> 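Supplied in structure tokens, the structure appears directly below.
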Amino acid sequence: MRESYEIDFDEVFKAALDCGVAVEINSYPLRLDLNDAQSRRAKEKGLRIAISTDAHTTDQLKHMRFGVATARRGWLSKDGVINTLSYDELMKVFKK
């Protein structure tokens, strides 16, 4: 376990928007660096969000539920989470 990084999320979100990239909710229980409040702010700023497991073994795939719960607490819906898109929809996002 480690302390959270002291970073300016507004600057990170601005850079992500400028670069056209998504931000990540890391579902691993000892990470969860992008919390519910920050996820909601990212959504409000127009960012897409990916939920990942950070799994290094198949047993760790079960941690996805923590990322989904974080997204739900941040009021994210299916359309704001990039890894809920179909292949065709995802390719459109990447082409932008």
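Count residues from 1 along the sequence. The structure displayed is predicted, hence computed values, not measured ones.
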> If you round to the nearest 0.5 Å, how far is CD of Glu89 from CG of Asp79?
10.0 Å
> Taking atom CD1 of Ile49 and atom CD of Gln38, what is their separation to the nearest 0.5 Å?
10.5 Å
> Are Asn83 and Met64 close enough that some pair of their side-chain heavy atoms sits under 4.5 Å apart?
yes
> How far apart are the C-alpha atoms of Arg41 and Asp10, what are their side-chain angles, what is the distance that settles it, and do they pass the side chain to side chain contact (heavy atoms under 4.5 Å, CB included) test?
CA-CA 8 Å; Arg41 278 189 13 229; Asp10 288 327; 3.2 Å; yes
> Identify whether Leu85 and Val68 are in the same connected component of the hydrophobic contact network (ILVMFWY, side-chain heavy atoms under 4.5 Å).
no
> Would Leu17 and Phe13 show up in the same hydrophobic cluster when neighbours are defined by side-chain heavy atoms closer than 4.5 Å?
yes
> If Ile, Leu, Val, Met, Phe, Trp and Tyr residues are connected whenever their side-chain heavy atoms lie under 4.5 Å apart, and connections chain through other members, are Val93 and Tyr87 in the same group?
yes
> From the options Leu47, Val23, Ile25, select the one residue that forms a side-chain contact (heavy atoms from CB on, under 4.5 Å) with Ser39.
Ile25
> Check Ser27 against Gly67 and note the closest heavy-atom contact, atom names and distance.
OG-CA, 3.1 Å
> Atom CZ of Arg65 and atom OG1 of Thr70: how far apart are they, to the nearest 0.5 Å?
11.5 Å
> To check you understand the geometry: which heavy-atom pair defines the closest contact between Ala22 and Ala50, and what is its length?
CB-N, 4.5 Å
> How far does OG of Ser86 sit from CE of Met91, to the nearest 0.5 angstrom?
9.5 Å
> Roughly how far, to the nearest 0.5 Å, is the CD1 atom of Ile51 from the CZ atom of Phe66?
13.5 Å
> Out of curiosity, Ser77 OG to Arg72 CZ, how far, rounded to the nearest 0.5 Å?
11.5 Å
> Under the side-chain contact (heavy atoms from CB on, under 4.5 Å) test, which residues partner Arg40, sequence neighbours left out?
Glu44, Trp75
> Assigning hydrophobic clusters by single linkage (Ile, Leu, Val, Met, Phe, Trp, Tyr; side-chain heavy-atom cutoff under 4.5 Å), is Val12 placed with Ile82?
no
